[in-house]
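Beneath this line is the structure, given in structure tokens, with notes to follow.
Start at 1 and go down the list; that is how both ligands and their atoms are numbered. Because only heavy atoms are used, hydrogens play no part in the values below, and waters and symmetry mates are left out as well, while side chains stay in. What you see is a predicted model, and the numbers here were worked out from it, not measured in a lab. Starting from 1, each residue takes its place in the sequence as its number.
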Amino acid sequence: MTIMDDGIALSAVLERPHDGRCPLVIVLHGFTSNKEKAHTLAACQAMREAGFATLRFDLYGHGESGGEFKRHTLYKWISNTLAVMDAARRMDFVTEIYLSGHSQGGLVAALVGGMAPDRVRGMILRAPAFMIPRCAREGSLLGFGFDPARVPEEIQIIKGLTLEGNYIRVAQTIHAEEAVARFPGPVLLIHGDADDTVPPEDSVRAAGQYAQCRLELIPGETHHFDRHPEATRGIIRDWLQNRIHA
Ligand code: FER
């Protein structure tokens, strides 16, 4: 399906566990990723096994959605997520809305949760990149160094990809701790302890700051959750099954 966000077409896939009414999880991918990656499909499958519908989508400048990669910002991703949440609220079968995201998508899910604590029933964050705003303020993103007070026109990020300086300007304004403090609902935080892109320590810290948080550190798992897919699936399934019966 296509969900519009002010002229930008967002490509989304809705999958339901059955024909009846049920809760729904909105699922965000990470930086340079898309909604079709194996670890995202596996997470969605675990959610449906627990009785939740899943709505995974491509964010601005990624996958099959509109927009140019180099022009994406966290603000645009927040706007996209709010638009998808509005669309989900109009679906007749949906009883409650959860947010989930991986890495940069996990950060954005956490930011939107803090903006709409009355509309988001709970969150599942996989390796959320709480570090991005801090790194943007300190002048180092994915190994690319810059003067944070004189943001360059563009930066060459991994895989020869170019990102406009506005990505950095936007990220510098964001304070994820405020969003964490504003979300009172249940949060499941999952992080691989062998993640060398986003430090697991960030999730340990966030887990201590969320009002209700279950933290699962998966031994040997990496940033892309490709070593122990069964572990993540089991954790998500069990946590959501307990929520649906609560
Ligand atoms: C960064 C750290 C993590 C960054 C992006 C990420 C652009 C996101 C990774 C992902 O979504 O997988 O410094 O800078």
- Message: Once you measure the plane-to-plane angle for Phe130 and Tyr210, does it fall in the parallel (<30°), tilted (30-60°) or perpendicular (>60°) bin?
- Response: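 Phe130 and Tyr210: tilted rings.
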
Quick one: side chains of residues 145-155, donor-acceptor pairs under 3.5 Å with protein atoms, not counting sequence neighbours, listed by atom name and distance.
residue	atom	partner	partner atom	Å
Asp147	OD1	Ala149	N	2.9

- Decide if the gap between the ring center of Phe31 and the ring center of Phe69 is smaller than 6.0 angstrom.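 Ring centroids of Phe31 and Phe69 are less than 6.0 Å from each other.
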
- Note on the structure: The side chain to side chain contact (heavy atoms under 4.5 Å, CB included) partners of Val84 (sequence neighbours excluded) come to Ile3, Leu10, Ile26, Leu55, Phe57

- Task: Give the protein residues with at least one non-hydrogen atom closer than 4.0 Å to an atom of ligand 1, ordered by chain and number.
- Result: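 Contacting ligand 1 under 4.0 Å are Gly30, Phe31, Ser103, Gln104, Met131, Ile132, Leu141, Leu142, Tyr167, His223.
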
Show me the donor-acceptor pairs, under 3.5 Å and distance only, between side chains in residues 44-52 and residues at least two apart or in other chains.
residue	atom	partner	partner atom	Å
Gln45	NE2	Glu49	OE2	3.4
Arg48	NH1	Glu15	OE1	3.4
Arg48	NH1	Thr54	OG1	2.8
Glu49	OE1	Arg237	NH1	2.4
Glu49	OE2	Arg233	NH2	3.0

- Does some side-chain heavy atom of Leu163 sit less than 4.5 Å from a side-chain heavy atom of His72?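 Yes; the side chains approach each other to less than 4.5 Å.
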
